[in-house]
Number of protein chains: 2
Amino acid sequence: MSTQLPIDSQTNEMLEVRPGKWTLVVISELRDGSRRFNELRRALGGISQKSLTTTLRDLERDGYISRSAFATIPPRVDYALTALGEELLELADGWRRFALRNRAHVVAARIRFDGLGTSVSIHVEEE
Amino acid sequence: MSTQLPIDSQTNEMLEVRPGKWTLVVISELRDGSRRFNELRRALGGISQKSLTTTLRDLERDGYISRSAFATIPPRVDYALTALGEELLELADGWRRFALRNRAHVVAARIRFDGLGTSVSIHVEEE
DNA sequence: CGGGATCCGTTATGATACTG
DNA sequence: CAGTATCATAACGGATCCCG
């Protein structure tokens, strides 16, 4: 096998490689230990409870987080990373470091690109 | 190490941390060098040309790939990774390795989860 | 408090037809 | 060949109301 293993659609689908808008944010928020539903909700800022619910359920379904419900009054539910979730957290961190490191670079590239649009044709090269 | 740097929505938005369906697949496909539009299209399988176009343009806009157009007949356009794009490729590879390593695990977790109609206090399915 | 159900606007993606 | 334009649809995300 010649290390020819590009990300294929299969892998993409199977493991939710393309996370929803909040997936990695939730994973990151659980880095320091378990959190309750509304704790997460507050910590995350703009998330709707529906999105949080579905994000959490999807993550639980795939085994990235565990859900512990206590039948107390008021009810209480704790969410925490599983071992697999911690691996995912590491990936998220790598992604975050990349983002922080290259933020300026990308923003600049974007501005440069957007600035070119107004002036006629795209630059062309001859061979 | 307080590591209080969770992925925030800002970072999320700014750097397209949440890639589109085809972003990482395209990046992966460029690992061995430049490719032409229809080469990519064929290699990727199910992608529509519109999706490929927008994916490529977005990646170019953010500085991950370069676009070289030749005014020949027939016209020809080459896409290739930039230095930044190669960094992104490494992230994609990390993701892919994770996916391959844990595929079975996640699929199993998913099946287990879906099988649990009858657990703790979450049994409201039937009517 | 945690979260299910529903309605609904925004975005993402695809199929198709056409052009320089 | 490498797109662009248009239309249609599916997935996503938010707001609201409801319940154990």
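The sequence lines fix the lettering, A, B, ..., with proteins before strands; numbering per chain opens at 1. Heavy-atom basis, side chains included; hydrogens, waters and symmetry copies ignored.
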*Asks:* Please tabulate, one pair per line, each protein N/O and nucleotide N/O from nucleotides 15-19 of chain C that are separated by under 3.5 Å, including the distance.
*Replies:*
{"from": "C:dT16", "atom 1": "O4", "to": "B:Q49", "atom 2": "OE1", "distance (Å)": "3.3"}
{"from": "C:dA17", "atom 1": "N6", "to": "B:Q49", "atom 2": "OE1", "distance (Å)": "2.8"}

*Asks:* Whole Å only: how far is the CZ atom of A:F37 from the P atom of C:dC1?
*Replies:*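 About 12 Å, once rounded to whole Å.
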*Asks:* With the side chain of A:W22 defined as its heavy atoms from C-beta on, choose the nearest nucleotide among C:dG3, D:dG14, C:dG14.
*Replies:*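 The answer is D:dG14, which lies nearest to the side chain.
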*Asks:* Can you list everything that forms a side chain to side chain contact (heavy atoms under 4.5 Å, CB included) with B:A80? Sequence neighbours excluded, please.
*Replies:*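 In terms of side chain to side chain contact (heavy atoms under 4.5 Å, CB included), with neighbours along the sequence ignored, B:A80 is linked to B:S34, B:S66.
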*Asks:* Could you tell me which residues satisfy side chain to side chain contact (heavy atoms under 4.5 Å, CB included) with A:A43, sequence neighbours excluded, listed by chain and number?
*Replies:*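 For A:A43, the residues satisfying side chain to side chain contact (heavy atoms under 4.5 Å, CB included) (neighbours in sequence not counted) are A:E29.
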*Asks:* If you check every side-chain atom of B:R76, which of C:dT13, D:dA2, C:dC1 has the closest atom?
*Replies:*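 So the nucleotide nearest the side chain must be D:dA2.
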*Asks:* Between B:K21 and C:dG14, is there a contact of a side-chain N or O with OP1 or OP2 at under 4.0 Å?
*Replies:*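 So the side-chain polar atoms of B:K21 do come within 4.0 Å of the phosphate oxygens OP1 or OP2 of C:dG14, strictly under.
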*Asks:* To the nearest 10 degrees, how far apart in direction are the end axes of the helix from C:dC1-D:dG20 to C:dG20-D:dC1, each fit to five base pairs?
*Replies:*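 What I find for the helix from C:dC1-D:dG20 to C:dG20-D:dC1 is an axis angle of 50°.
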*Asks:* Rounded to the Å, how far apart are A:R61 CZ and C:dG3 P?
*Replies:*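 Roughly 17 Å, once rounded to whole Å.
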*Asks:* Quick check against the 3.5 Å criterion: does B:R31 have a side-chain atom that pairs as donor or acceptor with the backbone of B:S28?
*Replies:*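 Such a contact is found between B:R31 side chain and B:S28 backbone.
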*Asks:* Using salt bridge (charged side-chain N to carboxylate O under 4.0 Å, His left out) as the criterion, list what pairs up with B:E87, not counting sequence neighbours.
*Replies:*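 Listed in chain order: A:R101.
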*Asks:* Between P on C:dG2 and CG on A:L52, what's the gap in Å once rounded to a whole number?
*Replies:*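 Computing the A:L52:CG to C:dG2:P distance gives 10 Å.
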*Asks:* Rounded to the Å, how far apart are A:L56 CG and C:dC1 P?
*Replies:*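 About 17 Å, once rounded to whole Å.
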*Asks:* Side chain of B:R36 only, please: which of C:dG2, C:dT13, D:dC1 is the nearest?
*Replies:*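 Nearest listed nucleotide: D:dC1.
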*Asks:* Please give, in whole Å, the distance from C:dC1 P to A:D78 CG?
*Replies:*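 After rounding, the gap between these two atoms is 14 Å.
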*Asks:* Return the nearest nucleotide to the side chain of A:T53; candidates are C:dG4, D:dG3, C:dC1.
*Replies:*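 So the side chain of A:T53 is nearest to C:dG4.
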*Asks:* Quick one: B:R67 CZ to D:dG3 C1', roughly how many Å, whole number?
*Replies:*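 It is 8 Å, rounded to the nearest whole Å.
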*Asks:* Does some side-chain heavy atom of B:Y64 sit less than 4.5 Å from a side-chain heavy atom of B:D58?
*Replies:*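 B:D58 vs B:Y64: side chains apart.
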*Asks:* On DNA chain C, check which nucleotide each of B:S51 and A:V77 is closest to and give me the residue with the more 5' one.
*Replies:*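 Per heavy-atom nearest nucleotide, the more 5' residue is A:V77.
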*Asks:* Can you name the side chain to side chain contact (heavy atoms under 4.5 Å, CB included) partners of A:L52, sequence neighbours left out?
*Replies:*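 With neighbours one apart ignored, the set is A:V26, A:F37, A:L40, A:R41, A:L44, A:I47, A:L56.
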*Asks:* Please state whether the phosphate of C:dG3, meaning OP1 or OP2, lies under 4.0 angstrom from any side-chain nitrogen or oxygen of A:Y79.
*Replies:*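 Yes.
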*Asks:* Say you draw a straight line from CG of A:L91 to CH2 of B:W95; how long is it, rounded to the nearest 0.5 Å?
*Replies:*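 It comes to 5.5 Å.
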*Asks:* Hey, does the side chain of B:R57 come within less than 4.0 Å of D:dT4's phosphate (OP1/OP2), counting only N and O?
*Replies:*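 Answer yes for this pair, as a side-chain N or O of B:R57 is under 4.0 Å from OP1 or OP2.
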